[in-house]
There are 2 protein chains.
Amino acid sequence: MRHVGAREDLIREGDRPDDVQLILEGFACRYKVLPDGQRQIMAYLIPGDICDLHVAILGQMDHSIATLTPCKIAHISQAAVLELTTKHPSIHHALWWNTLVDEGILREWLVTMGRRPADKQLAHLFCELLVRLQTVGLASQNSFDFGVTQEELGDTLGLSSVHVNRVLQQLRDGDLIVLKDKRLTVVDVERLKLFADFDPLYLHLTRRLPPALAQGMAS
Amino acid sequence: MRHVGAREDLIREGDRPDDVQLILEGFACRYKVLPDGQRQIMAYLIPGDICDLHVAILGQMDHSIATLTPCKIAHISQAAVLELTTKHPSIHHALWWNTLVDEGILREWLVTMGRRPADKQLAHLFCELLVRLQTVGLASQNSFDFGVTQEELGDTLGLSSVHVNRVLQQLRDGDLIVLKDKRLTVVDVERLKLFADFDPLYLHLTRRLPPALAQGMAS
DNA sequence: CGCTGTATTGACCTCCTTCAAATGCGGTGG
DNA sequence: CCACCGCATTTGAAGGAGGTCAATACAGCG
């Protein structure tokens, strides 16, 4: 268990750690950096998410993970993970299930990046975060703390920070969102979902891995 | 076991089938269609790949799968999958491993779509397919059959078919590839990899699920 | 109160899209 | 063997979404 500041690497591409990390508080992200210095963020990790289960199976990280905000992190030894997964099929199943949901999110992000204009990209991302954060009790009906930079939003959606800025203004002007003091408020959730063409099916909310179970693994 | 023509759906978003499909021959793809009719392809499925293992775990498809070329498909009952995974931890592990590799591919695609220009997008995709097809014996040192349409390539990379066409010509002019008669030949593999900034780490080739094992499941 | 990092704005540019037409080509029926 | 059809590829011209560069404003903080 440890505290980490914002914008610090939790694990880097190529690493072969012998433990697995679990986010208890704060936001983190998976990312890769290209030779020319461009960065692409490929996932947001929120409390309850396991960072690098891959390592226990694949042996080596094929991407890096960094905090976006200050975080509280739990460490679980890989041996413990292996024991849990081999001795408790239900946990193995739950973790696999979790992996499949992550895959679903990645696919939806691909749709977003490939086929949605910038304003809907942002809107869609906000819808997803609202729903995901609600399931772990970190969002109200229509708002949540969101200390992510416009630069980081750009790296997430494949946009420049300048363009993110302009599009955010559009969304504000259209009365879709309020983003102020590191808090995002959705003015009318249904309207934003409609605008973003957001269908939560891909999150498979009905059977999410209970954060309690995940946290239980830490002990 | 059945034969399917090109451009036919194998399974659709929302379906809850009670079997799982395995590609024995041909190419297929995962895709979603937006309300405005735009399509995004999110994965290529090649022989040895399991289409919709998700269903056995998540219960419902959150995307569709269609053939790109004529295919030979094997069906495996979900009951058989569940029995295999519960009774044979090694198979469970192998399938999970497979899922994680698919996730790695999705992340790399996200990088491609977000941060690479069109010419490198195509080059990177070709590198990936070359390597993946080599591992299942369907590509020579530098070429493979590739009956995918420019329109479909566009839907894969988030580009218009017109632009795909022009960029393909650039790649041909640059002597990087030859794409003719539904066969893709890479003129100089190392040069293309360099151009595309292709690093196969994300494919985790060292431990791929042996196609033989996958096919064994069909019986 | 100055420093540092983020947000904002403006001007210009370009990669990629859209629309529309033309070309090529494998199959099919006569 | 040829005419014709449907589909994919190719080409051209014009437009737009988003990028780059650079300056400015702003906010938190030591």
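The sequence lines fix the lettering, A, B, ..., with proteins before strands; numbering per chain opens at 1.
- Across all strands shown, B/Gly158 has heavy atoms under 4.0 Å from sugar-phosphate atoms exclusively, and none from any base.
- Across the interface with DNA chain D, nearest-nucleotide mapping of A/Gln38 and B/Arg7 shows B/Arg7 to be the residue nearer the 5′ end.
- Among pairs with a residue in residues 129-168 of chain B, those fulfilling ring pair (Phe, Tyr, Trp, His ring centres under 6.0 Å) read B/Phe126-B/Phe146, B/Phe144-B/Phe146, at least two apart in sequence or across chains.
- Shown for residues 163-178 of chain A: residues whose heavy atoms fall under 4.0 angstrom of DNA chain C, namely A/Asn165, A/Arg166, A/Gln169, A/Arg172.
- Using a 4.0 Å cut-off on heavy atoms, the residues of residues 144-151 of chain B that approach DNA chain D are B/Thr149, B/Gln150, listed by number.
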message: Return a single string for nucleotides 21-28 of chain C, one symbol per nucleotide in 5' to 3' order, where B is base contact, S is sugar-phosphate-only contact and - is none, cutoff 4.0 angstrom on heavy atoms.
response: --------
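- Taking CG of B/Asp49 as the reference point, atom CG of B/Leu22 lies at 8.0 Å (rounded to 0.5 Å).
- No salt bridge links B/Glu128 with B/Lys193; every basic N to acidic carboxylate O contact stays at or beyond 4.0 Å.
- With rounding to the nearest 0.5 angstrom, the CG atom of B/Leu106 is 11.5 Å from the OG1 atom of B/Thr112.
- The structure places CG of B/Leu133 at 10.5 Å from OG of B/Ser143, a figure rounded to the nearest 0.5 Å.
- Between the side chain of A/Thr135 and the backbone N or O of A/Arg132 there is at least one donor-acceptor pair closer than 3.5 Å.
- Here the options are A/Val164, A/Thr156, A/Leu157, the test is side-chain contact (heavy atoms from CB on, under 4.5 Å), and the partner is A/Gln121; only A/Leu157 passes.
- A 4.0 Å heavy-atom criterion places the boundary nucleotides of DNA chain D facing chain A at D/dG18 to D/dC21, written 5' to 3'.
- Among residue pairs with one or both ends in residues 16-25 of chain A, those qualifying as salt bridge (charged side-chain N to carboxylate O under 4.0 Å, His left out) are A/Glu25-A/Lys72; sequence neighbours excluded.
- For the helix from C/dC1-D/dG30 to C/dG30-D/dC1, the end axes, each set by the C1' atoms of five terminal pairs, are bent relative to each other by 30° (nearest 10°).
- Between B/Arg116 and A/Gln40, the closest side-chain pair of non-hydrogen atoms is not below 4.5 Å.
- From A/Glu152, atom CD reaches atom CG of A/Leu68 across 5.0 Å, with rounding to the nearest 0.5 Å.
- Put simply, CG on B/Asp119 is 10 Å from P on C/dC15, counting in whole angstrom units.
- The salt bridge (charged side-chain N to carboxylate O under 4.0 Å, His left out) contacts involving residues 139-151 of chain B comprise B/Asp145-B/Arg183, where partners must be two or more places apart or lie in separate chains.
- In this structure, A/Lys120 has no salt bridge (Lys or Arg N to Asp or Glu O under 4.0 Å) partners at least two apart in sequence or on a different chain.
- In this structure B/Leu201 satisfies the side chain to side chain contact (heavy atoms under 4.5 Å, CB included) test together with A/Glu13, A/Gln60, A/Asp62, B/Asp199, sequence neighbours excluded.
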Using residues 3-10 of chain A as the side-chain source, report each donor-acceptor pair under 3.5 Å to any protein atom, sequence neighbours left out, with the distance given to one decimal.
residue: A/Asp9; atom: OD1; partner: A/Tyr31; partner atom: OH; Å: 2.6
residue: A/Asp9; atom: OD2; partner: A/Arg12; partner atom: NH1; Å: 2.5
residue: A/Asp9; atom: OD2; partner: A/Tyr31; partner atom: OH; Å: 3.2

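- For residues 155-181 of chain B, the set of pairs meeting the salt bridge (charged side-chain N to carboxylate O under 4.0 Å, His left out) definition, not counting sequence neighbours, comprises A/Arg115-B/Asp155, B/Arg39-B/Asp155.
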